[in-house]
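Following: one structure in structure tokens, then a few remarks.
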Amino acid sequence: MQGVFFGSDGFLGTRASLLLDVVAIAMIGVLALLGLSVFHVRYRARYTLHKRIQLALAAALLVVIGLFETEMRLHGWRQRAEPSPYYQTWVMPSLLVHLGFSVSTCLLWAAVIVRALKRFGHPACPGPHSASHRFWGRLAALDMLFTALSGWVFYWLAFVAKV
């Protein structure tokens, strides 16, 4: 199923596919929006804005992860990564580290969102659940940062590095 999107060459001049390039760049936006969301809730007490940003990020990431998994199932990534000088050494370990962070991020973020939706009122405002939400939310945000960093390391090792 080669098309305009799935399996197409990327736009960053690497061996990566279009979707891999989109995800690599989009993670900059995800981290920026995550930081903006935390800034607004922490320093501006804009709880509803924080909630909306978080739900929009979660929905967008759900779509992107679905597209990404579809492409990986249809086209894979190994043939694009094989020319890397690190293919036999560092590509798989870096992917495993990235997968550890990305899976834990998905689980943590989902749990934080579900618990927040159940335990915070409408409109969103501080309450008995706030301390727990703050702890788990910080952990999920840190996990997202490590997901992005480990993803960029994998991307470089697999699709950018040259002999």
Side-chain angles (χ1 to χ4, degrees), residues 1-42 46 49-117 136-163:
M1 188 171 136
Q2 176 88 18
V4 175
F5 200 67
F6 290 120
S8 298
D9 290 337
F11 57 89
L12 294 177
T14 69
R15 294 180 299 273
S17 68
L18 175 62
L19 191 55
L20 284 166
D21 281 358
V22 167
V23 170
I25 297 299
M27 286 308 293
I28 297 168
V30 167
L31 292 176
L33 284 171
L34 187 57
L36 182 68
S37 175
V38 170
F39 171 81
H40 277 292
V41 76
R42 185 169 183 182
R46 298 188 69 191
L49 179 60
H50 171 72
K51 177 181 176 179
R52 287 180 181 156
I53 292 171
Q54 292 298 315
L55 292 175
L57 274 174
L61 284 171
L62 190 61
V63 169
V64 169
I65 290 168
L67 291 171
F68 179 79
E69 286 300 321
T70 300
E71 176 167 285
M72 292 304 105
R73 301 292 179 255
L74 293 174
H75 299 283
W77 59 272
R78 292 176 191 265
Q79 68 279 9
R80 291 179 178 273
E82 283 175 352
S84 170
Y86 303 107
Y87 185 74
Q88 296 295 328
T89 55
W90 292 107
V91 169
M92 283 308 292
S94 70
L95 177 60
L96 292 175
V97 168
H98 173 65
L99 288 174
F101 284 122
S102 62
V103 169
S104 63
T105 297
C106 286
L107 296 174
L108 263 174
W109 212 4
V112 169
I113 288 172
V114 168
R115 290 182 68 197
L117 290 173
W136 291 106
R138 285 177 179 164
L139 190 60
L142 189 61
D143 210 4
M144 180 62 81
L145 173 63
F146 288 127
T147 296
L149 293 174
S150 63
W152 291 329
V153 168
F154 168 75
Y155 180 92
W156 187 86
L157 289 169
F159 309 113
V160 178
K162 296 180 181 175
V163 179

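Bear in mind the structure is a predicted one, so any value in this text is a computation, not a measurement.
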Listed pairs under 3.5 Å, donor-acceptor, residues 35-42 side chains, sequence neighbours left out:
residue, atom, partner, partner atom, Å
Ser37, OG, His50, ND1, 2.6
Ser37, OG, Gln54, NE2, 2.9

Enumerate donor-acceptor pairs with a distance under 3.5 Å from any side-chain N or O in residues 21-31 to protein atoms, sequence neighbours excluded.
residue, atom, partner, partner atom, Å
Asp21, OD1, Tyr155, OH, 2.3
Asp21, OD2, Phe11, N, 2.7
Asp21, OD2, Leu12, N, 2.9

Can you give the donor-acceptor pairs under 3.5 Å from side chains of residues 137-149 to other protein atoms, not counting sequence neighbours?
residue, atom, partner, partner atom, Å
Asp143, OD1, Ser104, OG, 3.2
Asp143, OD1, Thr105, OG1, 3.4
Asp143, OD2, Ser104, OG, 2.6
Asp143, OD2, Thr105, N, 3.0
Asp143, OD2, Thr105, OG1, 3.3
Thr147, OG1, Phe101, O, 3.1
Thr147, OG1, Thr105, OG1, 2.8
Thr147, OG1, Asp143, O, 2.9

Enumerate donor-acceptor pairs with a distance under 3.5 Å from any side-chain N or O in residues 56-65 to protein atoms, sequence neighbours excluded.
none

Please tabulate, for the side chains in residues 156-163, all donor-acceptor contacts under 3.5 angstrom to protein atoms that are two or more places apart in sequence or on a different chain.
none

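In this structure Arg78 satisfies the side-chain contact (heavy atoms from CB on, under 4.5 Å) test together with Tyr87, Met92, sequence neighbours excluded. The side-chain hydrogen bond (donor to acceptor under 3.5 Å, both in side chains) check on Arg46 picks up nothing, with sequence neighbours excluded. In terms of the ring-ring contact (aromatic ring centres under 6.0 Å, His included) criterion, residue partners of Trp77 (sequence neighbours excluded) are, by chain and number, Phe154. With sequence neighbours excluded, the residues satisfying side-chain hydrogen bond (donor to acceptor under 3.5 Å, both in side chains) with Glu69 are Arg73. Scanning for side-chain hydrogen bond (donor to acceptor under 3.5 Å, both in side chains) contacts around Ser84 gives an empty result, with sequence neighbours left out.
At least one side-chain heavy atom of Asp9 sits less than 4.5 Å from a side-chain heavy atom of Arg80. Taking the side chain as every heavy atom from C-beta outward, Arg15 and Pro83 approach each other to under 4.5 Å.
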- Task: Could you give me the CA-CA distance, side-chain angles and deciding distance for Glu71 and Ser17, then say whether side-chain contact (heavy atoms from CB on, under 4.5 Å) is met?
- Result: CA-CA 9 Å; Glu71 176 167 285; Ser17 68; 2.5 Å; yes
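The environment of CH2 in Trp152 is crowded: more than 12 heavy-atom neighbours from other residues, nucleotides or ligands sit within 6.0 Å.
Within the structure, the salt bridge (Lys or Arg N to Asp or Glu O under 4.0 Å) test picks out no pair touching residues 90-102 (sequence neighbours left out). Sequence neighbours left out, the pairs with a member in residues 92-102 that pass side chain to side chain donor-acceptor pair (under 3.5 Å) are His98-Ser150.
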